[in-house]
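Encoded as structure tokens, the structure appears first; notes follow it.
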Amino acid sequence: MDAFSDSESNRIYERFQLIVNGPALFNAVVTGLELDVFKFLADNPKSNFEEIQRFTGLGAHQLRTLLLALCATELIDKQDGRFQNSSVAETMLGAETPESWRNTLIGWREFQYPAFPHTTTALRTGENTALSAYPGQGSNLYARLAHDPEMVARYHESIAPFTHLFVTGLLDHPELASVRHLLDVGGGDGTTAAHFARRHPHARVTIFDMPSVTRHAGSLLDQELSDRVRMQPGDLFADRFPEGVDGVLFSHVLEPFSREQCLRLLRKAFDALPPGGRIFAYGLTAPDDESSGLLAARLSLYLTVLVSGVGMAHPAKDYASWLSEVGCADVRSFTGLPYEHGLIVGTKK
């Protein structure tokens, strides 16, 4: 029976129920991943309870509870006492591919979701109060992680699968095809740089990031790309950007920062480019009216509560305005890319 008399209210009510029950169900999904339930069902579809129990080693009550939760999400389907993955779970959780959400969701539970109980305090104080869970120096999460190589590796392992998912929307765009030497600012573990170098054999890439990150990226780089992808350790704000490039990419780099910080980085990119060089800002973008976007909303809260206290999934109109302000011409925005992404491009004249 519907809770409301009109269909739109009932739709919102259904979303409300999913949201308020979401924390428990999210953790059930992650547990299913850690126990390899989705992979087991991918390899053994239509398994019964006893077969899943033998595989997981869980007690009967514990497995019954878990399977109830997973079936409630509709990621797993139960028919006549047998279980199988939904098509969504089969693709996103059951397959061992670089695009699997497995490590991403496990990483969200470790790095992101513990921060959200701090939301009220963070918004009231105007500070990223959840950062207190990470000891060390620095006013943002990345500076704190930099002192722990193992933590750096785990963090980048958690975001690498998501990078595989959204990098296609960037690389498929014709705007990048003519770039000969790309500066990948905040290039992380090098996933985007490696994809770009493979897609464009004529091009070179320089990854500019913190020393702890470039060391990690260098350890992952395929030998076949070592002559075209190089690491340049440095501080994004304190050090000059390397020159001799004709394209500067900010892929998921500007979101943690305020307007003033973004302008500083974009001006540095502008100064490093020759005439005709281009700046590419790519990432999760809220719509210009800031009224929708689940991924954009989650990222904005995460950045505000934990990472920096000032960032968000900036709308494309903000990036376009900032590129014009630093001196770029022919500024163009390409929105509606997969996973709420946008690409904003400006040219130095």
Side-chain angles (χ1 to χ4, degrees), residues 1-3 10-11 13-117 150-151 153-168 189 191 220 294-295 297-299 302 338-340:
M1 180 177 179
D2 290 339
N10 278 306
R11 183 190 67 80
Y13 176 72
E14 289 178 3
R15 173 168 282 197
F16 169 77
Q17 287 292 338
L18 186 60
I19 292 169
V20 297
N21 291 289
L25 296 176
F26 170 81
N27 281 282
V29 171
V30 175
T31 296
L33 288 167
E34 291 178 323
L35 294 174
D36 285 327
V37 172
F38 297 104
K39 184 179 183 303
F40 175 78
L41 291 178
D43 297 335
N44 304 276
K46 297 185 177 180
S47 292
N48 62 30
F49 185 93
E50 290 74 20
E51 290 166 334
I52 301 172
Q53 185 179 21
R54 282 196 296 272
F55 174 75
T56 61
L58 295 182
H61 172 73
Q62 288 71 29
L63 180 59
R64 184 183 181 187
T65 303
L66 176 63
L67 290 175
L68 170 61
L70 296 179
C71 288
T73 68
E74 299 185 35
L75 291 170
I76 288 180
D77 179 59
K78 181 182 181 182
Q79 295 289 338
D80 299 323
R82 293 188 174 273
F83 301 84
Q84 64 181 14
N85 289 328
S86 68
S87 59
V88 172
E90 192 78 4
T91 300
M92 304 179 72
L93 305 175
E96 288 188 323
T97 65
E99 295 79 17
S100 168
W101 281 60
R102 174 190 171 89
N103 287 341
T104 295
L105 296 184
I106 292 173
W108 282 5
R109 187 174 70 175
E110 178 180 3
F111 292 103
Q112 298 198 17
Y113 283 14
F116 292 133
E150 181 180 341
M151 189 76 78
R154 289 212 312 276
Y155 179 79
H156 284 283
E157 183 181 67
S158 75
I159 63 175
F162 207 47
T163 305
H164 283 280
L165 290 170
F166 63 64
V167 73
T168 302
D189 70 355
T191 298
L220 300 176
L294 294 179
L295 292 172
R298 180 196 52 78
L299 176 67
Y302 166 63
Y339 296 97
E340 301 177 19

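- S158 contributes no side-chain N or O that, together with a main-chain N or O of N103, makes up a donor-acceptor pair within less than 3.5 Å.
- Shown here are the side chain to side chain donor-acceptor pair (under 3.5 Å) partners of Q62, two or more places apart in sequence or in another chain: there are none.
- Atom CG of N44 sits about 9.0 Å away from atom NZ of K39, to the nearest 0.5 Å.
- Not counting sequence neighbours, the partners of F55 by the ring pair (Phe, Tyr, Trp, His ring centres under 6.0 Å) test are F40.
- For the atom pair OG1 of T31 and CG of L105, the computed distance is 11.5 Å after rounding to the nearest 0.5 Å.
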Donor-acceptor pairs under 3.5 angstrom involving side-chain atoms of residues 71-80: please list them, not counting sequence neighbours.
| unit_1 | atom_1 | unit_2 | atom_2 | d |
| --- | --- | --- | --- | --- |
| T73 | OG1 | L70 | O | 2.6 |
| T73 | OG1 | L75 | N | 3.1 |

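- Every residue two or more places apart in sequence or in another chain that forms a ring pair (Phe, Tyr, Trp, His ring centres under 6.0 Å) with W108 is listed here: W101.
- The ring pair (Phe, Tyr, Trp, His ring centres under 6.0 Å) test applied to Y13 returns F4, not counting sequence neighbours.
- In this structure, CG on L93 lies 11.0 Å from CG on L41, to the nearest 0.5 angstrom.
- Here the closest heavy-atom approach between residue R102 and residue D36 is recorded as NH1-OD1, 3.0 Å.
- Residues satisfying the salt bridge (charged side-chain N to carboxylate O under 4.0 Å, His left out) test with E34, not counting sequence neighbours, are R109.
- Partners of R82 according to the side chain to side chain donor-acceptor pair (under 3.5 Å) rule, which considers only residues two or more places apart in sequence or in another chain, do not exist here.
- Once rounded to the nearest 0.5 Å, the distance linking CG of L63 with CD of E50 reads 9.5 Å.
- With sequence neighbours excluded, no residue forms a ring pair (Phe, Tyr, Trp, His ring centres under 6.0 Å) with F49.
- At distances below 3.5 Å, at least one donor-acceptor pair connects side-chain atoms of N10 with backbone N or O atoms of A3.
- In this structure E150 satisfies the side chain to side chain contact (heavy atoms under 4.5 Å, CB included) test together with D148, R154, sequence neighbours excluded.
- The line from CE of M151 to CZ of F111 is 5.5 Å long, rounded to the nearest 0.5 Å.
- When the side chain to side chain contact (heavy atoms under 4.5 Å, CB included) test is applied to R11, the partners found at least two apart in sequence or on another chain are E8.
- In this structure, the side chain of T56 engages the main chain of I52 through a donor-acceptor pair within 3.5 Å.
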After noting the C-alpha distance and the side-chain angles of L66 and L58, does the key distance pass the side-chain contact (heavy atoms from CB on, under 4.5 Å) rule? CA-CA 10 Å; L66 176 63; L58 295 182; 4.2 Å; yes
With side-chain contact (heavy atoms from CB on, under 4.5 Å) as the criterion, how do Y302 and F116 come out once you've worked through the C-alpha distance, each side chain's angles and the decisive distance to 0.1 Å? CA-CA 7 Å; Y302 166 63; F116 292 133; 3.9 Å; yes
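- With sequence neighbours excluded, the residues forming a side chain to side chain donor-acceptor pair (under 3.5 Å) with R298 are Q112, listed by chain and number.
- The CE atom of M92 sits 6.5 Å away from the CG atom of L165 when rounded to the nearest 0.5 Å.
- The side chain to side chain donor-acceptor pair (under 3.5 Å) test applied to N48 returns no partner, not counting sequence neighbours.
- Taking each heavy atom of A95 and S100 in turn, the nearest pair found is O-CB, 3.4 Å.
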